[in-house]
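See structure below.
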Amino acid sequence: MSLPLPIEAERLRAESQRQLGELLEVMQFLAVLQDVQGRVSYCNDALLRLTGYGREDVVGKNWFDLFVPAEERESRRGAYLAELPRGDFQPNIERELQTANGEQRLIQWNQLPLREGARVIGCARIGTDVTEIRRASQKLLHDAFHDALTGLPNRALFMDRLSHRLALEKRRQGSSFSVLFLDVDRFKVINDSLGHVRGDELLAEVGRRLQACLRAGDTVARLGGDEFTILIEDVKNKAEALKVAERVQQDLRAPFSIGGQEIFSGASIGIAHGSSGYARPEDILRDADTALYRAKAQGRGRFVEFDPSMHDRAMALLRLETDLRRALDRDELRIHYQPVVSLATGRIVGAEALVRWLHPERGLVSPIEFIPLAEETGLIIAIGGWVLTEACRQMKEWQDKVGQAELELSVNLSSQQFAQPGLVAQVADVLRETGLSPRCLRLEVTESLLMERHPHIADTLTELRAMGVRLDLDDFGTGYSSLSYLHQFPIDTLKIDKSFIARIGESEEGLEIVHTIMSLARSLDMEVVAEGVENAKQLDALRQLGCAHAQGYHLSRPVDSGKFGVLLGEGKSLTVVNG
């Protein structure tokens with residue numbers, strides 16, 4: 001027997017609602033039915049689980065009073081009442097939903113009006129909880145534009161803000177900005193001595209101090225390593241930016257407590273003042289970096305403002321570097337030899353090999369100009385290897401030609417050459433290939449190299465000494481606390497720096513310093529060579545002090561191999577010729 005039509009329709013309607021409810025539960029959607037006032041007539045279990053309410057707490061209650069944060073309640077209620085009659089709900093709209101414990105979840109809703117004939121009787125909401133997705137997205141976005149160690153903006157975000165500020169500068173008159181580029185003084189020493197973990201702690205603390213000393217609206221970023229940048233907005237004049245730089249340096253000079261140790265550091269800062277004349281933000285950062293380079297070259301712990309001449313010099317250095325990289329291949333390097341003279345006989349007993357660069361356009365380039373560049377770029381490794389080989393070959397040729405097998409050759413070694421593995425093997429190979437006796441080769445190292453405590457330096461020096469090579473300490477007296485290191489290394493000779501020789505004759509103190517160094521050398525069973533002898537008075541004083549060997553312009557300037565060969569062949573006393 002069939003059911004009456006109204007009863008059958010009601011049954012089918014109830015079954016449809018049941019199936020729809022089951023479908024919504026399986027799909028984990030949030031489902032809500034509301035009347036025209038916003039009262040809830042139905043909600044599924046997914047909504048109850050998310051919000052922590054029971055069904056009796058929700059059904060019959062006003063949606064806006066229960067789930068909408070208080071500050072948004074009236075505005076969202078008004079929007080609902082305005083949108084419902086028209087049925088033009090915005091699709092995929094995201095709104096905060098407040099749970100029973102006060103937590104706010106972000107829900108993406110789709111809504112449609114419920115109608116009975118032509119009359120709107122309410123609204124159906126289907127929603128998805130997108131809170132975790134949005135949080136993950138925000139974290140990814142944050143991480144993409146922030147430094148993981150300090151939490152500061154990274155290069156990408158800094159350049160974006162700088163780009164916006166430059167665009168604003170072009171539109172707006174009467175305001176300006178400045179960019180500070182800084183790095184942490186002595187960071188490498190701290191990082192190497194205390195370890196990377198402590199180094200990271202120092203960088204994080206530097207970031208906090210930089211944030212604390214800036215105004216709201218200014219931006220501090222970490223570009224990487226120990227490099228930070230600061231964008232100072234709306235500065236009235238350049239002096240205002242300089243005050244910020246002074247404040248930053250003052251704050252960073254205060255001691256840091258890292259791993260229970262008190263550490264002192266500081267910062268060098270380059271400053272570029274913004275203007276509408278800049279085409280790209282990269283140009284501003286480049287100029288600030290150029291000024292930073294100048295600040296570090298002047299002794300660190302200071303700030304320098306950029307001026308266009310710095311860019312011109314930077315471009316000149318870049319061209320010089322390019323030319324220097326090609327100099328070896330083009331056979332442009334030369335070696336000049338400065339005689340080392342016995343003060344007892346006036347005869348040449350050896351030579352110091354000094355590299356020179358014969359540039360095809362500029363002529364002879366001063367070593368003061370290109371040696372620091374070679375060290376900075378790492379080219380000093382190749383140049384130093386070439387000098388060692390060529391000078392040893394030339395010295396062996398002179399020994400055979402003039403019959404003086406005891407002639408000695410002095411060659412300077414850079415700290416980078418010591419840092420390279422295989423230095424001992426390289427020296428052995430050169431001596432074997434050229435035939436020069438190890439006893440005739442003197443390798444000169446600086447006090448700073450010993451004091452920097454390069455890894456394995458003591459072992460390397462010991463191996464060279466065991467080979468028969470002599471080791472000279474160059475520019476002695478210009479370092480600090482070096483006396484305590486002398487007995488740790490197998491040094492044969494102290495070369496007294498020319499700055500001390502220059503004081504001889506100027507005061508008794510100058511002569512006393514040289515005398516003290518010579519007494520020290522004798523007590524350590526070391527030889528002495530005086531560098532930079534420039535007049536007869538200095539030469540006589542050194543001879544009276546019992547100094548064995550000297551070199552300097554008064555005896556002979558560095559000369560090319562041809563002229564040095566002539567000096568050897570003549571066999572004259574240089575102390576007589578030039579004295």
Side-chain angles (χ1 to χ4, degrees), residues 13-14 16-146 157 160-161 164 168 216-217:
R13 184 164 159 283
S16 296
Q17 288 182 340
R18 185 189 66 79
Q19 292 178 356
L20 176 61
E22 290 179 353
L23 178 63
L24 291 172
E25 291 300 338
V26 171
M27 299 180 67
Q28 292 297 304
F29 286 125
L30 310 179
V32 180
L33 299 180
Q34 300 170 222
D35 65 14
V36 292
Q37 298 301 318
R39 287 187 296 268
V40 177
S41 58
Y42 166 83
C43 68
N44 67 348
D45 290 343
L47 178 77
L48 298 176
R49 286 194 299 271
L50 178 68
T51 61
Y53 285 112
R55 194 172 302 279
E56 68 280 3
D57 300 320
V58 177
V59 176
K61 303 298 191 300
N62 189 281
W63 171 269
F64 299 99
D65 294 334
L66 193 62
F67 292 112
V68 177
E71 63 273 13
E72 301 179 19
R73 194 167 294 156
E74 293 310 313
S75 63
R76 283 170 59 177
R77 192 197 312 271
Y80 173 78
L81 295 176
E83 293 170 346
L84 184 62
R86 300 193 302 269
D88 57 353
F89 293 111
Q90 182 179 343
N92 298 317
I93 190 170
E94 293 184 3
R95 290 286 185 263
E96 296 283 353
L97 181 143
Q98 186 168 277
T99 66
N101 63 7
E103 180 188 4
Q104 293 188 0
R105 308 290 295 183
L106 186 64
I107 311 299
Q108 186 179 81
W109 294 106
N110 277 297
Q111 307 167 90
L112 69 157
L114 297 175
R115 302 178 186 275
E116 205 171 70
R119 186 167 63 93
V120 175
I121 62 171
C123 170
R125 295 175 181 264
I126 301 294
T128 304
D129 184 2
V130 295
T131 306
E132 302 308 327
I133 295 174
R134 294 295 176 264
R135 285 175 181 171
S137 176
Q138 289 172 0
K139 185 177 185 306
L140 285 173
L141 186 63
H142 179 276
D143 292 348
F145 291 101
H146 289 79
L157 182 53
D160 180 68
R161 291 184 180 177
H164 283 294
L168 180 63

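Note that the coordinates shown come from a computational prediction; the quantities given were computed from them, not determined experimentally.
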Residue pairs passing the ring pair (Phe, Tyr, Trp, His ring centres under 6.0 Å) test where at least one lies in residues 99-125, sequence neighbours excluded: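 The answer is Trp63-Trp109.
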Just by distance, do the side chain of [X] and the backbone of [Y] share a donor-acceptor pair under 3.5 Å?
X: Arg86; Y: Ala82; answer: yes
X: Ser137; Y: Ile133; answer: no
X: Asp129; Y: Leu50; answer: no

Any side-chain heavy-atom pair of [X] and [Y] under 4.5 Å:
X: Cys43; Y: Arg55; value: yes
X: Thr131; Y: Gln104; value: no
X: Leu97; Y: Leu47; value: yes

Going by side-chain hydrogen bond (donor to acceptor under 3.5 Å, both in side chains), name the residues that satisfy it together with [X], two or more places apart in sequence or in a different chain.
X: Gln98; result: none
X: Thr99; result: Asn101
X: Arg135; result: Glu132
X: Asp143; result: Lys139

For [X] and [Y], which heavy atoms make the closest approach, and how far apart are they?
X: Ile107; Y: Gly127; result: CG2-CA, 4.0 Å
X: Ala31; Y: Ile126; result: CB-CD1, 4.0 Å
X: Gln111; Y: Cys123; result: CB-SG, 4.0 Å
X: Pro113; Y: Val120; result: CB-CG1, 4.3 Å

Who passes side-chain contact (heavy atoms from CB on, under 4.5 Å) against [X], sequence neighbours left out?
X: Asn110; value: Pro91, Asn92
X: Glu116; value: Arg119, Ile121
X: Ala124; value: Leu33, Leu112, Leu114
X: Thr128; value: Phe29, Val130

Partner residues of His142 under the ring-ring contact (aromatic ring centres under 6.0 Å, His included) criterion, sequence neighbours left out: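 Result, ring-ring contact (aromatic ring centres under 6.0 Å, His included) vs His142: His146.
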With sequence neighbours excluded, residues passing salt bridge (Lys or Arg N to Asp or Glu O under 4.0 Å) with Glu94: Arg134
Criterion side chain to side chain contact (heavy atoms under 4.5 Å, CB included) on Ser41 and Asp35, from CA distance to verdict: CA-CA 7 Å; Ser41 58; Asp35 65 14; 5.9 Å; no
Side-chain H-bond candidate by donor/acceptor type, Arg125 with Gln34, under 3.5 Å: yes
Phe145 and Asp160: CA distance, side-chain angles, deciding distance, side chain to side chain contact (heavy atoms under 4.5 Å, CB included) verdict: CA-CA 10 Å; Phe145 291 101; Asp160 180 68; 5.8 Å; no
Name every donor-acceptor pair, under 3.5 Å, that has one atom in a side chain of residues 66-74 and the other anywhere in the protein, sequence neighbours excluded.
residue	atom	partner	partner atom	Å
Glu72	OE1	Arg76	NH1	3.1
Arg73	NE	Phe64	O	3.1
Arg73	NE	Val68	O	3.3
Arg73	NH2	Val68	O	3.0
Glu74	OE2	Arg77	NH2	3.4

Between CD on residue Glu96 and CG on residue Leu106, distance to nearest 0.5 Å: 5.0 Å
